[in-house]
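One structure is given below, encoded as structure tokens.
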There are 2 protein chains.
Amino acid sequence: MVEKISVGLLGLGTVGSGVVQIIDQHQDKLMHQVGCEVKVRKILVSDIHKKRDVYLNGTRLTNDPSEVLNDPEIDVVIEVMGGVETTREYILQALRNKKHVVTANKDLMALYGSELLQTAVENQCDLFYEASVAGGIPILRSLVEGLASDRITKMMGIVNGTTNYILTKMSQEGRNYEEVLQEAKDLGYAEADPTSDVEGLDAARKIAILGTLGFSMHIDLDDVSVEGISHVSKEDLEYGDQLGYTMKLIGLANRTDDKVEISVQPTLVTHSHPLAAVHNEFNAVYVYGAAVGETMFYGPGAGKLPTATAVVSDLVEVVKNMRLGVNGNSAVIPQFEKNLKSPEEVLAKYFLRIHAKDQPGTFASLTSLFSEQDVSLEKILQLPLEEGKIAEIIIVTHNATKKNFENILIKLNDLDVVVEVKSSYRVEGDGNR
Amino acid sequence: MVEKISVGLLGLGTVGSGVVQIIDQHQDKLMHQVGCEVKVRKILVSDIHKKRDVYLNGTRLTNDPSEVLNDPEIDVVIEVMGGVETTREYILQALRNKKHVVTANKDLMALYGSELLQTAVENQCDLFYEASVAGGIPILRSLVEGLASDRITKMMGIVNGTTNYILTKMSQEGRNYEEVLQEAKDLGYAEADPTSDVEGLDAARKIAILGTLGFSMHIDLDDVSVEGISHVSKEDLEYGDQLGYTMKLIGLANRTDDKVEISVQPTLVTHSHPLAAVHNEFNAVYVYGAAVGETMFYGPGAGKLPTATAVVSDLVEVVKNMRLGVNGNSAVIPQFEKNLKSPEEVLAKYFLRIHAKDQPGTFASLTSLFSEQDVSLEKILQLPLEEGKIAEIIIVTHNATKKNFENILIKLNDLDVVVEVKSSYRVEGDGNR
């Protein structure tokens, strides 16, 4: 039986400091849970002389990665340094040296998860990454364990705090995207270059990880169709609200028979859906299982202590497994062949907003285009924009294939009566699971 | 290494049939997760000749409990028969015969959990009971594992579907308690005798289980102060709504320093709080951890397949532990001394609705009573009820001790200006954690 666990940390930024702090402050509780002492032995940093805010309690700082990766005393490597290529090398080396790895790195896991997990299993090591998706929410463990005996058919996640903050403010205060984005930058909720968040790339990495785990099939980042929120207008939110929907950036993974769809897009979610009540920078992942039905996991998506807590939870699992001698469980490796839905197979409701000529026959032209594409309408809202000249027309369809709806979008531009196609969004939350 | 797992089932009602169905239909997935065959060998039923809806696949029915409890071939006993005293005997016998136990029985766990867990650990057996609280939500496992490195300071649960359904309908449709209760009975959402649900007893058992696990101290059912919803009026909901609150029956467990409060009561929850968006028969448990901050777990609280899914998840854990040879982990036994808060130590905001004489001096009398008890006011709403005669007065306090607020309730009756104290409720969701 293992008597003492030594941890090597890669990185001592915000999350790293949180990890050190939690391990230090919860030593008693940790001891009680895993039955032995857990100590941070070495930390890889770029500057060993920099003044640190965290109490290091004798832990040695080093700027030589091999001091951590090749130290035979170190049992577990915790990676909180970020980055992808170098980090991948370090983690591979740690695993080959039979060190278990805990990482909070979604970019790395979305790109190289498959290779890293394979290497971990080959070396009978654990590789855990709970903190990489929705930091404060134990969603990965819940997918693997809690829902173990169910078949997951749908996941929808609000997995990016910055965009949820922006959409919440736009919606609650009737403000424009640019204005709220600027405020979010000023407040530190958005990065100076917010592209990865607002264009949906961050969310795409997380839904790729969720899809891989929930469906047990290897989802590549390239499999995710991605649309961000930078084109979302306050008018879209207002009309959406009138028709009963709240705008959210949703990472979506669904499975019908054995075909899957993985995407990220601004989505109008029915007011009564639990995701619609997830405000500000909070994250939530909604999971539909064939047996269990609807569940949702809500919490902070980022932040020093939430993320560090998830990292330490993973560490606790590693240590338990070490004491049991059962690391490197191969069940974490995807088991099923990936089979993506074509646009003809993706079914959804859509919201469409257009400006059209306010004249007799407009609606007839529109409806004949829709029925030509075999798409029927669920809700229609028409308002005069310029009296007798231009009308604002909003349509919510019944379920349609993505292909047919895209055909409609293309052909709308050829219609004489259409002045401008303003926007279109996917609609979720009433019925489709 | 274990090669094949045999399960004995106690009971074949709704949940039992679901368990049999899931084990049968997910044999491949189970095999993949635990690495060996899992088979239901025998089922204890009261009538072995009754026609069953479920495909039994060769499983033997028996009406002799010892056929299950003493069968040396049976590794795991799943208890889904309900009841308390006899069931306790059966489970004790199973554990003493070194059989692991999975139960969905909240009554049993709330009353005898301590004894049963102790017996399990003494016999190196697992005793899991995920399905006993909020069936479709893996909350117990999340408390034990996901939040392992955190210190939980508050839990608030909507853990009774019947009362949440009733309150949702009352609130959304402006209807009376009695009317909605009758409808719930007609629809099968409420039992013919709904006492255990509507008087908060069912919720009390669940919050006792959550408190025990989340705080690692043994909470007895008698430690829970309980108030049901049968006296809640539609006026209370309407005025609550006007002031920004939604009425929910909340099971509450909080901890300040090392003192805890465990209670169940109808509670006005701030609209923006995630619990306020939990509608109809859904359950949710909100957990506040010192490090992770706010998290919430949402899902179905009952139902055949959600409950059966939770049971099978526990079974999967048992089997994994068997294959690892690590059953009977003593970490599930409460570690800390219980220390309940006195009414002087319980701090909360309160909502109070009274009918008072509509005359000069009324408010002065009221406010002097409040300030005498050291309670300050956050919100006040006054409306004429009978012009010039009676006023409807609604007050929301700032934080006050339970003791002081109870003093106010008593002394209000002595005030000349007070016609009737209509209702009072705890308020949660803005600020207190």
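Lettering follows sequence order; numbering is per chain, from 1.
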Worksheet item: What's the shortest heavy-atom distance between A/T295 and B/P300, and which atoms?
Response: CG2-CD, 4.0 Å
Worksheet item: Between atom CG of A/L305 and atom CG of B/D150, what is the distance when rounded to the nearest 0.5 Å?
Response: 8.5 Å
Response to the item:
Greatest number of non-hydrogen atom pairs under 4.5 angstrom with chain B, of A/P306, A/G299, A/A284, falls to A/P306
Practice prompt. I would like to know whether A/H26 and B/R151 meet side-chain contact (heavy atoms from CB on, under 4.5 Å); could you show each step before the answer?
Written response: CA-CA 9 Å; A/H26 293 266; B/R151 178 184 161 86; 4.3 Å; yes
Fill in: Which portion of B/E317 sits near chain A, non-hydrogen atoms under 4.5 angstrom
side chain
Discussion item. Counting only heavy atoms not in A/Q25 (residues, nucleotides, ligands), do more than 12 fall under 6.0 Å from its CD?
Written reply: yes
Worksheet item: Highest number of heavy-atom pairs under 4.5 Å with chain A: which of B/G293, B/A291, B/A277?
Response: B/A291
Item to complete: Go through the steps to decide whether A/M296 and B/F297 satisfy the test side-chain contact (heavy atoms from CB on, under 4.5 Å), and finish with yes or no.
Response: CA-CA 6 Å; A/M296 190 179 85; B/F297 302 83; over 6 Å; no
Fill in: Residues forming a ring pair (Phe, Tyr, Trp, His ring centres under 6.0 Å) with B/F128, sequence neighbours excluded
none
Practice prompt. Please say whether more than 12 non-hydrogen atoms of neighbouring residues, nucleotides or ligands are located less than 6.0 Å from CD in B/Q21.
Written response: yes
Discussion item. My understanding is that only residues two or more places apart in sequence, or in another chain, count here; which of them pass side-chain contact (heavy atoms from CB on, under 4.5 Å) with B/T168?
Written reply: B/N164, B/Q172, B/K248, B/H279, B/N280
